Every structure is written in C-alpha cells, then in structure tokens.
Amino acid sequence: MNAMDDWLLNKESTHAQKAISFYQKRNRFASLSILFNSFTGLLQNAISYAYLVYQVIMNIITIGQFTLYLNAVATFSSAVNGVLTSIVDIKIYGLYYKAMDQYVHIPETLRDNKKLPVPMTNSENYVITFQHVSFRYPGQKVDALKDVNVSIHAGTKLSVVGENGAGKTTFVKLLCRLYDLTEGEILFNGVNIRDIDYDQYMAIFSAVFQDYKLFSFSIRDNIALNQGKSISNHRIMQLLQKVGLSEKIDKLPQGIDTIVYKEFNKNGFEPSGGEAQKLAIARAIARDSKIVILDEPLAALDPKAKYEIFEQFADLVGQKTAIYISHRLSSSKACDSILVFQNGRIIESGTHDDLMHLGGKYAELFALQANLYLD
C-alpha cells in the first residue's frame with residue numbers, strides 16, 4: 001500500500017554492502033594466509049624431497065631410510081600447517097569475538113551497590129522521595145527530567161500527566177531504577193535506592209509500560225509468569241473477570257491453558273490490541289508487588305472497556321500504591337493526587353479539584369479534552 005519495494009530493497013542493499021565489506025576483509029586475510037601456507041609448504045617439501053633424493057643417489061641413505069625420512073617430513077609439514085591454520089582461524093574469529101567481548105564486559109552498574117535490604121519495617125507505611133532528581137539520556141544535550149522533587153506515600157493513587165515528551169515515562173522508569181540518575185537521589189524510607197539490593201528493590205514494582213510484550217505461552221503463563229503454580233487458577237480467573245476478559249476466555253476450548261498467538265499452535269488465541277492490554281494489566285495486578293505502574297495502559301481499549309476498567313480501578317489495585325500515566329485526563333479524577341509535567345519539570349501538583357481551581361496547565365488540558373465531546 002505504501003509502495004515500499006524500492007525503499008526496502010535499497011535498505012537491504014545498504015546493509016548487504018556492509019556485510020560484504022566485512023566478509024571481504026575476513027576473506028582477504030584468509031586467502032593471503034592460505035596462499036602463504038601453501039607456498040611455504042611447497043617450498044619445504046621441494047627442499048626436503050631434493051635433499052633426500054640427493055642422499056639416496058650419493059648412497060648416503062638407503063631406500064628404507066628415504067621412506068622413513070619422507071614420512072617424517074610429511075608429518076612435520078602437516079603439524080606446521082595445522083598450527084598456521086589455527087592461527088588463521090583465531091585471527092578470523094577474533095573479528096567476531098571483539099564485538100562480543102565489548103558486549104559481555106559492559107559494566108553492570110545497577111547491581112554494583114551496597115546490596116542493603118529494602119528498608120520496610122511496616123509494609124503498609126513507606127514513602128519514596130525524589131530529591132533534586134535530574135536525568136539525561138546518553139548522547140542527548142537536554143535533560144529529560146530536571147530538578148524533580150516529590151514524595152509518594154504508601155497507598156497513594158497518583159496520576160502523572162503532561163504532553164508528549166514531558167518526562168512522564170522517564171519519571172516512572174527512574175523510580176523503577178531501570179536507569180540511574182544523572183543528578184540528585186531517590187530515597188525509599190530515607191535510604192538511597194542505589195544502595196538497596198537491585199533484585200529486592202525491583203520486586204516492589206509491577207508495571208505495564210507502553211512497550212509491554214505477551215509471549216507465545218498459555219494465557220495462564222502470561223499472567224502468572226515466574227509465580228508458576230503458586231498462583232491458583234481461581235485467582236487467574238478472578239483477574240480476568242476484573243479486566244473484562246473472563247467471558248472470552250471461558251469460550252476458548254482450553255480456557256486459560258490456551259496458547260497466546262498462533263505461531264506454535266493453530267488453535268491459539270490471537271488477542272486484539274485491547275485484549276492484549278487487558279492481559280498485561282491482569283499480569284501486573286497478579287504480581288504480589290507493593291507499587292503498580294500503568295503507563296498508558298488503556299490506549300487500545302474501546303470507550304466501554306475503559307469505563308469498566310476505571311470503575312474497577314480501586315478494586316484492581318487494592319491497597320497498593322498506584323501510579324497511572326495517561327493522556328486521558330478524565331482518569332485523573334479517580335486518583336488521590338496529580339503531577340503535571342512540562343519540559344521535564346513538575347509544574348503543578350494536587351487533586352483534580354485543586355488543579356481545576358488553580359486554572360493552570362492541567363485545567364487547560366482538561367478543558368481542551370472536554371471540548372472534544374461538546375458542541
């Protein structure tokens with residue numbers, strides 16, 4: 001439909017030329033090495049044969065000795081050739097190894113810390129504090145976040161809003177410690193999250209990011225993941241009911257054991273965009289984490305499904321802390337607090353009513369969206 005044939009072929013040709021250049025370099029070295037080995041082998045054999053024939057003619061050695069020495073020369077020649085071939089192979093594979101060596105030796109800085117336990121004496125009472133947090137992506141000239149200061153208390157339902165590129169997703173990914181800060185610090189109950197054991201800290205969160213993925217495993221496995229059999233089928237069905245998928249799954253011949261997608265099973269369940277998002281939400285809620293992050297989780301849902309999810313939002317997350325990112329500001333009304341981001345900074349914070357009364361950026365965005373539904 002987009003007449004992309006020439007464009008794609010040009011892309012393929014460009015990458016093919018790069019590959020050809022690499023193999024030409026490799027083969028040039030290999031060819032020269034083989035030529036050198038062949039020449040030296042031929043020269044060695046010629047000299048050896050001539051010398052031994054001369055020895056026989058001059059009656060210095062017998063025919064039996066000639067045969068013995070000839071075999072010794074051949075064995076020695078084969079050994080030398082094997083050594084040279086190995087050197088050539090090492091040189092050729094070194095071209096591949098260099099790139100792999102660079103990759104496997106990338107410093108694992110996120111786990112290089114004091115490995116303190118999560119400082120949580122009371123699972124119902126904790127606070128996460130951003131103190132003068134700034135972050136810049138590698139190779140960029142502008143900070144994605146700049147001097148962010150905010151506290152998130154246990155059980156809070158927080159909405160993070162703002163225009164595209166305002167820093168919303170970067171904010172939650174720093175909270176999850178998918179990146180390390182450029183400046184400032186994030187404290188969990190007063191302890192810098194850089195000092196907390198990485199895997200223990202990650203276990204605090206479950207998230208549905210914009211680039212979530214489902215696997216070609218069963219529906220049950222896609223929700224339970226590494227929890228395996230520790231999460232019951234009844235719990236799985238409860239979650240599917242809450243996200244509005246239970247009726248659809250019940251109609252499948254194998255129920256929650258149906259494989260997602262059809263790559264490996266012709267009878268697999270091929271979810272629509274909205275159904276896939278519902279499965280991802282159920283997966284996030286199924287994990288026994290204290291903080292749930294939903295980054296544009298309802299973008300593919302129809303209005304009725306969105307309304308049903310919003311209605312059950314509090315029931316879905318329960319007493320967990322929930323951080324909700326969405327361009328649809330109507331969802332913010334169900335949250336305890338709202339953060340408004342612009343150009344990497346928090347420019348407003350408060351409840352929906354507070355921000356509407358303030359008449360700032362949030363009120364402007366909310367009014368713009370509301371006008372879409374008015375005459």
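Side chains are part of it too, since the values below use all heavy atoms of this structure and drop only hydrogens, waters and symmetry mates. Everything numeric in this text was worked out from a predicted model, so none of it was measured.
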| field | Arg136 side chain to Thr182 backbone, donor-acceptor under 3.5 Å | value | no
| Is a side-chain donor or acceptor of Ser349 paired with a backbone partner of Ile338 at a separation under 3.5 angstrom? | no
Could you pull out the closest heavy-atom pair between [X] and [Y], with the gap in Å?
{"X": "Met237", "Y": "Ser246", "result": "CE-CB, 4.2 Å"}
{"X": "Leu175", "Y": "Ile293", "result": "CD2-CD1, 4.3 Å"}
{"X": "Leu181", "Y": "Arg194", "result": "O-NH2, 2.8 Å"}
{"X": "Ile223", "Y": "Ala282", "result": "CG2-O, 4.0 Å"}
{"X": "Ala280", "Y": "Tyr212", "result": "CB-CD1, 3.7 Å"}
{"X": "Val133", "Y": "Glu185", "result": "CG2-O, 3.4 Å"}

How about [X]: does its [atom1] atom have over 12 heavy atoms from other parts shown lying under 6.0 Å from it?
{"X": "Lys262", "atom1": "NZ", "result": "yes"}
{"X": "Glu270", "atom1": "CD", "result": "yes"}
{"X": "Lys333", "atom1": "NZ", "result": "no"}

| task | Drop me the distance from Leu294's CG to Ser159's OG, to the nearest 0.5 angstrom. | result | 11.0 Å
| field | Separation of His352 NE2 from Leu329 CG (nearest 0.5 Å) | value | 9.0 Å
| What pairs of residues pass the side chain to side chain donor-acceptor pair (under 3.5 Å) test when at least one of them lies in residues 195-208, not counting sequence neighbours? | Arg111-Asp199, Ser206-Ser289
| task | Evaluate the ring planes of Phe341 and Phe171, with Trp represented by its six-membered ring, and classify them as parallel (under 30°), tilted (30 to 60°) or perpendicular (over 60°). | result |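 Answer is tilted, since the angle falls between 30° and 60°.
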| request: Hey, can you tell me if Tyr137 and Phe135 have their rings parallel, tilted or perpendicular (30° and 60° cut-offs)? | output: perpendicular
| With no hydrogens and no angle check, do the side chains of Thr169 and Asp295 hold a donor and an acceptor under 3.5 Å apart? |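 On atom types as modelled, these side chains qualify, holding a pair under 3.5 Å.
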| field | Ring centroid separation Tyr69 to Phe76 under 6.0 Å | value |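 No: the rings miss the under 6.0 Å criterion.
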| task | Could you point out which residue of Thr156, Ile152, Val172, Ile128 forms a side chain to side chain contact (heavy atoms under 4.5 Å, CB included) with Ile291? | result | Ile128
| message | As a quick check of understanding, evaluate salt bridge (charged side-chain N to carboxylate O under 4.0 Å, His left out) for Lys157 and Asp336, giving each step before the final call. | response | CA-CA 5 Å; Lys157 307 300 182 286; Asp336 304 322; 5.1 Å; no
| Within one Ile-Leu-Val-Met-Phe-Trp-Tyr cluster: Ile323 and Ile204, side-chain cutoff 4.5 Å | yes
| query | What do the steps show when you test Val56 against Gln65 for side chain to side chain contact (heavy atoms under 4.5 Å, CB included), and what is the final call? | reply | CA-CA 9 Å; Val56 172; Gln65 289 174 319; over 6 Å; no
| Check against side chain to side chain contact (heavy atoms under 4.5 Å, CB included), Phe130 and Ile186 | CA-CA 5 Å; Phe130 282 65; Ile186 302 175; 3.5 Å; yes
| field | Non-hydrogen side-chain atoms of Leu240 and Leu279 separated by less than 4.5 Å | value | yes
